[in-house]
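Throughout, a chain's letter reflects where its sequence line sits, starting with A, and its residues are numbered from 1. The structure presented is a predicted model; accordingly, all values stated were derived computationally and were not measured. Excluded from the calculations below are hydrogen atoms, water molecules and symmetry mates; all remaining heavy atoms, backbone and side chain alike, are included.
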Protein chains: 2
Amino acid sequence: MDPTRLRVAGIKATFPRLKILDVFHQHADQHMSAADIYRNLISERSSIGLATVYRVITQLEDAGVLKRTQLDTHSSVYELNDKGHHDHLVCRHCGRIQESSDATMAQRVRKIARQCGFALDSYSLVLYGGCGCRKDAPAPYIGEFE
Amino acid sequence: MDPTRLRVAGIKATFPRLKILDVFHQHADQHMSAADIYRNLISERSSIGLATVYRVITQLEDAGVLKRTQLDTHSSVYELNDKGHHDHLVCRHCGRIQESSDATMAQRVRKIARQCGFALDSYSLVLYGGCGCRKDAPAPYIGEFE
DNA sequence: TTTATTGCAAAACCTTTGCATGTAT
DNA sequence: ATACATGCAAAGGTTTTGCAATAAA
């Protein structure tokens, strides 16, 4: 793994940091919690403490390398911050996470902020529902949203 | 407080439940965490355990009386579920929460769900930034979002 | 009376922190 | 050599749960 990104971030290129970045690149399509990352490291026989995982992902987030999102009430998930803003669709049945980029949406959000006299810094849009994983899926909620 | 809503929800009209509903009606403009509700009860000399607060708000959420939202990483906040869907604008400086209803936004969200083959159940849109509380506020982030 | 509900304390989680040890520069 | 990172264990904060006591129907 390239230590340059870490030097740019102003932090030392240590083994745990390189290994954790590695895990993110190996699972570039996934959203991982601290525990997920920790499990991955364990399964590669890299003995890195959970506390270090937390410290490193926080530093990488501060450095702009990772992006943190809270998709459920339990824990935050992290992903590489190299794709620009995108929204998340979370399946209530299988937990799968889809992503969506929508320029019109982003514009609309900026407009709302403007109308409310709000200096927009960032935003989070999460859709909850069913991704089609279940044949016997209950009919989508018919009401306010469909 | 009217016990009818509780009977409709299929749960007994007990003192803790009525008192907690009362707190929500007394602070209808606020978003409260379990700890906030608990503090309110304490200050009224209602001795209701924190565990009961958690149990009751979960039941009231299941019954559709309350709405749960996660606006920050620390804890969930609850509000009366009597206003239809709305988005939240959270000030990073003072913590104030503004609300916004935007029909176009809601439509756009439905469209995204449709395009992704997703059976939309609900969604959460949270804007983070500055509400104008600070004279010395740092300039809004100039980048992807402004 | 019968069943649901409460309170308390303990546990379960996720996340952060203090401190002695170890490592990158 | 020096400052920064790590590991471990302990603590912090939020939320859930087991169980005996209590209150609603």
Asker: Return the value, rounded to whole Å, for the distance between atom NZ of B:Lys19 and atom C1' of D:dA23.
Answerer: 17 Å

Asker: With a 4.0 Å heavy-atom cut-off, tell me which residues in residues 66-74 of chain A come close to DNA chain D, sorted by residue number.
Answerer: none

Asker: Tell me every residue that passes side chain to side chain donor-acceptor pair (under 3.5 Å) with B:Ser33, counting only those two or more places apart in sequence or in another chain.
Answerer: B:Asp36

Asker: Give every residue pair that meets the ring-ring contact (aromatic ring centres under 6.0 Å, His included) criterion with at least one member in residues 46-81 of chain A, sequence neighbours excluded.
Answerer: none

Asker: Using a 4.0 Å heavy-atom cut-off, does A:Ser33 contact any base of the nucleic acid, only the sugar-phosphate backbone, or nothing at all?
Answerer: nothing

Asker: Taking distance alone, no hydrogens or angles, what donor-acceptor pairs closer than 3.5 Å link side-chain atoms of residues 97-107 of chain A to residues at least two apart or in another chain?
Answerer:
| residue | atom | partner | partner atom | Å |
| --- | --- | --- | --- | --- |
| A:Glu99 | OE1 | A:Lys83 | NZ | 3.1 |
| A:Glu99 | OE2 | A:His31 | NE2 | 3.0 |
| A:Glu99 | OE2 | A:Lys83 | NZ | 3.1 |
| A:Glu99 | OE2 | A:His86 | NE2 | 3.4 |
| A:Asp102 | OD1 | A:Thr104 | N | 3.1 |
| A:Asp102 | OD1 | A:Met105 | N | 2.7 |
| A:Asp102 | OD1 | B:Arg108 | NE | 3.3 |
| A:Asp102 | OD2 | B:Arg108 | NE | 3.4 |
| A:Asp102 | OD2 | B:Arg108 | NH2 | 3.2 |
| A:Thr104 | OG1 | B:Arg108 | NH2 | 3.4 |

Asker: What residues, two or more places apart in sequence or in another chain, satisfy side chain to side chain donor-acceptor pair (under 3.5 Å) together with A:Ser76?
Answerer: A:Arg68

Asker: Between A:Arg17 (side chain only) and A:Lys12 (backbone N and O only), is there a donor and an acceptor less than 3.5 Å apart?
Answerer: yes

Asker: With heavy atoms of chain B within less than 4.0 Å as the criterion, where does contact along DNA chain C begin and end?
Answerer: C:dT3 to C:dA9

Asker: So, taking the atom named CZ in A:Arg110 and the one named OH in A:Tyr123, what distance separates them when rounded to the nearest 0.5 Å?
Answerer: 7.5 Å

Asker: Using a 4.0 Å heavy-atom cut-off, write out nucleotides 2-8 of chain D from 5' to 3' as B (base contacted by protein), S (sugar-phosphate only) or - (no contact).
Answerer: -BSSSBB

Asker: Please report how far the helix from C:dT1-D:dA25 to C:dT25-D:dA1 bends, comparing the axis fitted to its first five pairs with the axis fitted to its last five, to the nearest 10 degrees.
Answerer: 30°

Asker: Sequence neighbours excluded, which residues qualify as salt bridge (charged side-chain N to carboxylate O under 4.0 Å, His left out) partners of A:Glu44?
Answerer: A:Lys19

Asker: Which residues satisfy the salt bridge (charged side-chain N to carboxylate O under 4.0 Å, His left out) test with B:Arg55, sequence neighbours excluded?
Answerer: none

Asker: Please name all residues satisfying side chain to side chain contact (heavy atoms under 4.5 Å, CB included) with A:Tyr38, sequence neighbours left out, ordered by chain then number.
Answerer: A:Ile42, A:Leu50, A:Val53

Asker: Taking B:Glu79 as the fixed residue, which of B:Lys67, B:His88, B:Gln30 is the one that meets the side chain to side chain donor-acceptor pair (under 3.5 Å) rule?
Answerer: B:His88

Asker: Give a yes or no answer on whether the side chain of B:Asp87 reaches the backbone of B:Val126 with a donor-acceptor pair at less than 3.5 Å.
Answerer: no

Asker: Just how far is it from atom CG of A:Leu66 to atom CG of A:Leu21, taken to the nearest 0.5 Å?
Answerer: 6.5 Å

Asker: What is the distance from atom CG of B:Leu89 to atom OH of B:Tyr128, rounded to the nearest 0.5 Å?
Answerer: 10.5 Å

